[in-house]
Amino acid sequence: MTPVHFTFSSAFLLGLTGLAFHRTHLLSALLCLEGMMLSLFIALSLWTLQLDSTNFSACPMLLLAFSACEASAGLALLVATARTHGSDRLQNLNLLQC
């Protein structure tokens with residue numbers, strides 16, 4: 001495994017462990033998801049550069065567009081949650097209550 005692959009794999013796994021073990025606030029969960037998407041974007045961009053193929057050149061931009069949509073939806077949910085519940089703590093959220 002090259003140092004570049006190790007770096008992106010460890011960045012993705014760091015975001016995944018942060019999402020799995022540090023779920024106290026919705027904002028921290030969203031930041032972990034964004035870190036995972038950023039590491040996937042950079043890894044996919046470098047992979048297409050290493051292949052020297054134009055067939056996969058649109059894939060990183062498509063992933064970046066989905067990441068931006070995910071971030072905007074997450075921030076909208078964060079604002080809605082903070083307005084209705086007064087906090088973004090995930091322990092206070094009960095999805096079974098209306």
Side-chain angles (χ1 to χ4, degrees):
M1 179 180 278
T2 64
V4 174
H5 290 107
F6 177 73
T7 303
F8 294 125
S9 298
S10 62
F12 182 79
L13 288 176
L14 186 65
L16 187 64
T17 55
L19 184 63
F21 295 123
H22 189 65
R23 293 185 300 170
T24 56
H25 294 281
L26 182 60
L27 184 61
S28 64
L30 288 175
L31 284 174
C32 289
L33 281 175
E34 284 301 313
M36 290 169 58
M37 290 298 285
L38 183 63
S39 67
L40 282 177
F41 169 71
I42 294 173
L44 191 60
S45 298
L46 288 177
W47 180 63
T48 56
L49 286 175
Q50 286 176 351
L51 285 180
D52 290 331
S53 175
T54 58
N55 294 337
F56 300 113
S57 62
C59 290
M61 294 307 292
L62 186 65
L63 182 70
L64 192 62
F66 282 132
S67 177
C69 292
E70 178 256 334
S72 65
L75 286 176
L77 285 173
L78 178 70
V79 168
T81 302
R83 283 184 181 172
T84 58
H85 291 34
S87 175
D88 68 334
R89 291 185 56 87
L90 292 177
Q91 283 107 7
N92 295 342
L93 299 178
N94 189 1
L95 295 178
L96 298 176
Q97 279 183 334
C98 289

Roughly how far, to the nearest 0.5 Å, is [atom2] of [Y] from [atom1] of [X]?
X     : Y     : atom1 : atom2 : value
Leu27 : Arg89 : CG    : CZ    : 13.0 Å
Ser57 : Leu51 : OG    : CG    : 11.5 Å
Leu40 : Leu64 : CG    : CG    : 12.0 Å
Leu30 : Leu26 : CG    : CG    : 4.5 Å
Leu63 : Ser45 : CG    : OG    : 8.0 Å
Arg83 : Leu78 : CZ    : CG    : 11.0 Å

Verify same cluster id: [X], [Y] (apolar side-chain graph, 4.5 Å):
X     : Y     : answer
Met61 : Phe66 : no
Leu14 : Phe41 : no
Leu33 : Val79 : no

**Message:** With a 3.5 Å distance limit and no angle check, can you tell me whether Thr81 reaches the backbone of Leu77 through a side-chain donor-acceptor pair?
**Reply:**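 Yes; at least one donor-acceptor contact below 3.5 Å.
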Do [X] and [Y] come close enough that some side-chain heavy atom pair is under 4.5 Å?
X     : Y     : value
Pro60 : Thr48 : yes
Phe8  : Leu46 : yes
Leu90 : His25 : no
Leu16 : Leu13 : yes

**Item:** Sequence neighbours excluded - side chain to side chain donor-acceptor pair (under 3.5 Å) pairs with any residue from residues 10-22
**Value:**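 For residues 10-22: none.
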**Asked** Considering all heavy atoms of both residues, which atom of Cys32 and which atom of Gly15 are nearest to each other, and what is their separation?
**Response**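 Reported closest heavy-atom pair: CB-O, 3.5 Å.
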